[in-house]
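One-based numbering, in listed order, for ligands and for the atoms of each.
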Amino acid sequence: MNHLDQLRGVRDPAPGPVPLYSSPEHTVYWIGCQEDSPFRCNVYLIIDGDMHILFDPGSKMHHFPQVFERVSQVCPPESITHVVLHHQDPDVCDSIPDWLAIAKNATLVCTPRCRVLLPYYGFSADVPWLDVSPNDNTLLELPSGKVLNFITSPFLHFPEACVTFDETSGFLLSSDIGAAIEHDWRIVVDDWDTHWKAMVPFHVFYMASNRAMQGFLHKIEPYPIEAILPQHGSVIPKIHVKTAMARLKELPCGIDLLYPASNIEQALQALSR
Ligand SMILES: [Fe+2]
Ligand SMILES: [Fe+2]
């Protein structure tokens, strides 16, 4: 069952994990964090039988104590079986050494280009890895029989970033795509126009280009997305998913703005249409 309707507009959920979807076999939790910053980071946890999958666990100093405490309210932290790292940023990955010290057999899930960078956070590369293929055919089969599907999102914003589609809930755990910088944060978007204004600056400054965004949006079109769960800002529920994707499809960002086409190039592009 999807709980997003009941959570729309909630500003400060009680401290602790919040179930966003739950069924007897499968639960998706928003883990946190509580942060005094509009850049606040979202960590998520999926429990499916004996698979306990942590997403983008955050930084050592700013997030780890809180995330550890909140995960403990759901499952023993040492029982984490997988840590999914959608890209290499410190607000996503800096706490990996702490998690590997606790969940000693956890598999790290990320793309190969991300994998070469992660040991620089300070752990041995000799840990279990699951490489996310750029062919977008990397699946993690869950005890419930459903899968997590890992899909690359090139240059959004890391060259080989990825996202996760959870087949059970229909949630797209989108990392920085769909993110927003919000002073007046709510766990789930309730006013689209206000939220879009908070999404625009993040995408303009972080995403490589509109072409990269269009390619990714085309790739995920076949997936029945029930909600977008970004790493920053509010969860985008189904009622706003199509609008969010349509607005992102049109948004110039990154090098579109830094290196705009010259007048002659624009005229040639217009003639070729
Ligand atoms: Fe990032
Ligand atoms: Fe981020």
Side-chain angles (χ1 to χ4, degrees), residues 20 29-45 53-64 66-67 70 83-96 98-99 108-121 132 134 150-165 171-183 185-189 195-210 212-213 215-217 220 227-236 244 248 251 253-258:
L20 303 179
Y29 291 96
W30 175 82
I31 290 293
C33 289
Q34 226 68 43
E35 263 186 283
D36 191 17
S37 158
F39 199 73
R40 59 188 306 152
C41 297
N42 296 317
V43 179
Y44 302 99
L45 174 68
I53 306 145
L54 189 62
F55 293 82
D56 296 344
S59 88
K60 177 186 180 74
M61 188 189 290
H62 289 274
H63 305 123
F64 180 71
Q66 227 185 114
V67 173
R70 289 173 173 217
V83 182
V84 178
L85 303 152
H86 286 127
H87 62 289
Q88 87 307 340
D89 273 350
D91 63 323
V92 171
C93 302
D94 181 44
S95 62
I96 304 171
D98 303 87
W99 282 105
L108 300 183
V109 183
C110 65
T111 64
R113 287 195 180 98
C114 187
R115 175 178 174 168
V116 296
L117 294 171
L118 295 188
Y120 290 107
Y121 282 108
V132 174
F150 303 105
I151 307 160
T152 54
S153 52
F155 296 95
L156 302 175
H157 57 88
F158 180 61
E160 204 174 47
C162 69
V163 301
T164 304
F165 179 70
F171 290 170
L172 183 74
L173 287 84
S174 60
S175 196
D176 281 343
I177 302 168
I181 301 297
E182 295 175 294
H183 290 280
W185 177 83
R186 288 141 207 261
I187 190 161
V188 176
V189 173
H195 187 70
W196 174 244
K197 288 188 185 103
M199 279 175 66
V200 168
F202 188 88
H203 289 78
V204 161
F205 289 115
Y206 279 89
M207 299 302 157
S209 72
N210 177 263
M213 184 61 77
F216 172 72
L217 292 170
I220 60 165
I228 298 172
L229 277 54
Q231 195 222 345
H232 311 277
S234 308
V235 169
I236 302 173
L248 287 172
L251 185 71
C253 45
I255 58 174
D256 304 323
L257 303 168
L258 285 171

Requested in this report: Anything under 30° is parallel, anything over 60° is perpendicular, the rest tilted; go ahead and classify F39 against H232.
Outcome: tilted

Query - Among the N, O or S atoms of H87, the one nearest the Fe ion (ligand 1) - result: NE2

Query raised in the report: Any idea which N/O/S atom from H157 gets closest to the Fe ion (ligand 1)?
Result: NE2

Query raised in the report: Is there an N/O/S atom in D89 that lies less than 2.8 Å from the Fe ion (ligand 1)?
Result: yes

Query raised in the report: Would you say the side-chain atoms of Q88 pair up with the backbone N or O of F158, donor to acceptor, closer than 3.5 Å?
Result: no

**Report entry** Side-chain H-bond candidate by donor/acceptor type, Q231 with D89, under 3.5 Å
**Finding:** no

Query raised in the report: Does the side chain of D256 come within less than 4.5 Å of S209's, by heavy atoms?
Result: yes

Query raised in the report: Can you give me the OD2-the Fe ion (ligand 2)-NE2 angle for D91 and H232, to 10°?
Result: 80°

Report task. If you have a sec, read the angle at the Fe ion (ligand 2) from Q231 atom OE1 over to D176 atom OD1, to 10 degrees. Result -> 80°

Report task. Please assess S175 against H87 for the test side chain to side chain donor-acceptor pair (under 3.5 Å), listing each intermediate value before the final yes or no. Result -> CA-CA 8 Å; S175 196; H87 62 289; 3.1 Å; yes

